Amino acid sequence: MTTEVTGTPDETVLEAQFADTIGRKDRIEPRDWMPEKYRKTLVRQVAQHAHSEIIGMQPEGNWISRAPSLRRKAILLAKVQDEAGHGLYLYSAAETLGATRDELTEKLIAGKQKYSSIFNYPTLSYTDVGTIGWLVDGAAICNQVPLCRTSFGPYGRAMIRICKEESFHQRQGYELLMTMMRGTDEQRASVQESVNRFWWPSLMMFGPPDDDSPNTEQSMEWGIKTHTNDELRQKFVDMSVPQAEALGVTFPDDGLKWNEERGHYDFSTPDWDEFWAVVKGNGPCNDQRVNHRKRAWDEGAWVREAALAFAENSAAGATDDAAPTDDTAPTNPATTAEEAAK
Ligand code: 3HC
């Protein structure tokens with residue numbers, strides 16, 4: 001949205017231009033005027049998303065040193081590193097809204113910002129790496145592909161790259177489980193046991209039911225969200241059932257059946273009391289996840305300080321180079337470099 005104005009623009013004009021941009025399904029960019037509530041909602045969602053990517057490294061990182069082969073270890077390392085990258089793109093997107101990574105991380109550690117409920121469940125076996133790839137990354141893709149068209153430019157552009165990588169994550173998980181299903185009875189049982197544990201928490205990733213979701217309506221009006229929580233949950237169930245059949249596993253839900261009339265699978269209601277308990281900090285691993293993040297943040301303080309000092313010194317050095325004060329100072333660094341190379 002380009003706003004050409006002279007003098008102080010009237011807020012109602014700016015609001016109308018903002019609404020017009022949203023109505024055209026065009027992007028809002030960081031320098032555009034935006035309502036304060038729109039900015040705050042985005043910071044909340046993008047920060048929660050960034051924190052989820054970073055905290056999400058922990059459950060699977062737990063298995064890197066115990067991967068069953070070099071190939072599986074290389075895949076898992078690459079995946080966990082991708083999640084770090086996703087967190088950084090998202091913190092950068094939040095930065096364009098005026099919220100720094102330091103500030104957001106401090107809020108996460110202080111329990112003032114959330115991260116996805118799914119990462120508060122433990123990874124009890126290596127099989128969980130496959131199940132997380134298939135179901136958790138699968139749910140993430142369902143939720144995040146529509147976010148590529150979200151109304152805030154930097155968030156939508158970050159999501160495009162993230163989704164490409166999430167697709168790889170999902171496939172590696174499914175491939176791992178498929179390999180195990182072709183193995184021994186014990187391996188097949190391990191896959192089923194892992195799927196039983198992760199199915200319901202994966203459905204909860206999409207957030208509370210629409211009737212109980214305070215943010216959805218406004219976020220849809222602003223084009224931040226393009227689908228409701230329940231719509232995406234249904235899409236995920238419809239997508240996952242045939243994949244489970246191909247794999248040879250079942251989901252732990254007696255109410256799961258195809259509804260010809262609706263053209264969708266019916267499924268039972270997730271345990272929303274469990275969901276809210278986890279969101280409020282009382283899941284199986286909440287303390288462990290946040291304490292680990294805090295330890296890493298504290299222990300990394302010297303690295304951040306050193307990087308900052310290096311950047312400041314380099315910037316000061318660059319300024320000195322740009323303004324030589326004596327006759328012997330090189331005037332053309334390219335010539336100097338060529339001479340040095342001789
Ligand atoms: N875990 C923790 N908190 C959740 C949650 C979940 N699964 N779902 C909802 N909540 C919280 C919301 O943040 C909100 O609390 P707040 O107002 O204090 O922030 C409250 O529950 C009510 O929920 P709403 O439905 O009203 O909230 P939203 O409109 O923000 O919708 C959302 C929730 C669907 C998760 C939305 O924020 C979203 O689409 N976010 C972007 C995607 C994201 O963050 N994904 C996290 C997983 S990342 C990941 O999976 C990594 C990958 O590598 C696997």
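Counting convention: from 1, in listed order, for ligands and their atoms alike. Predicted, not measured: the structure shown is a model, and the values here were computed from it.
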Legend entry - Option whose closest heavy atom lies nearest to atom 17 (O) of ligand 1, chosen from Asn215, Ile132, Val278: Asn215
Legend entry - Pair Thr127, Ser194: side-chain N/O donor-acceptor within cut-off below 3.5 Å: no
Inset, instruction - Would you tell me which option among Gln48, Glu166, Met159 has the nearest heavy-atom contact to atom 13 (O) of ligand 1? - result: Gln48
Inset, instruction - Answer yes if the side chains of Thr228 and Asp230 hold a donor-acceptor pair under 3.5 Å, and no otherwise. - result: no
Legend entry - Top protein contact for atom 18 (O) of ligand 1, by heavy-atom distance: Lys114 NZ, 2.4 Å
Inset, instruction - Please round to the nearest 0.5 Å and tell me the distance separating atom CD of Gln144 and atom NE2 of His86. - result: 8.5 Å
Legend entry - From His227, Gln45, Lys225 - option closest to atom 33 (C) of ligand 1 by heavy atom: Lys225
Inset, instruction - Please check atom 22 (C) of ligand 1 for a protein heavy-atom neighbour under 4.0 Å. - result: yes
Legend entry - Atoms of ligand 1, numbered as shown, that sit under 4.0 Å from any heavy atom of Ala140: 50 (O), 54 (C)
Inset, instruction - Establish, from distance only, whether the side-chain atoms of His51 and Gln48 form a donor-acceptor pair under 3.5 Å. - result: no
Legend entry - Shortest protein contact, atom 6 (C) of ligand 1 (heavy atom only): Ser117 OG, 3.6 Å
Inset, instruction - Compute whether any side-chain donor of one residue and acceptor of the other, for Asp238 and Gln234, lie under 3.5 angstrom apart. - result: yes
Legend entry - Residue Ser52 vicinity, atoms of ligand 1 by number, heavy atom under 4.0 Å: 46 (C), 47 (C), 48 (S)
Inset, instruction - Check ligand 1 against Phe206 and write out every atom of the ligand that is under 4.0 Å from a heavy-atom position of the residue. - result: 34 (C)
Inset, instruction - Just say parallel, tilted or perpendicular for the rings of Phe251 and Trp134, cut-offs at 30° and 60°. - result: parallel
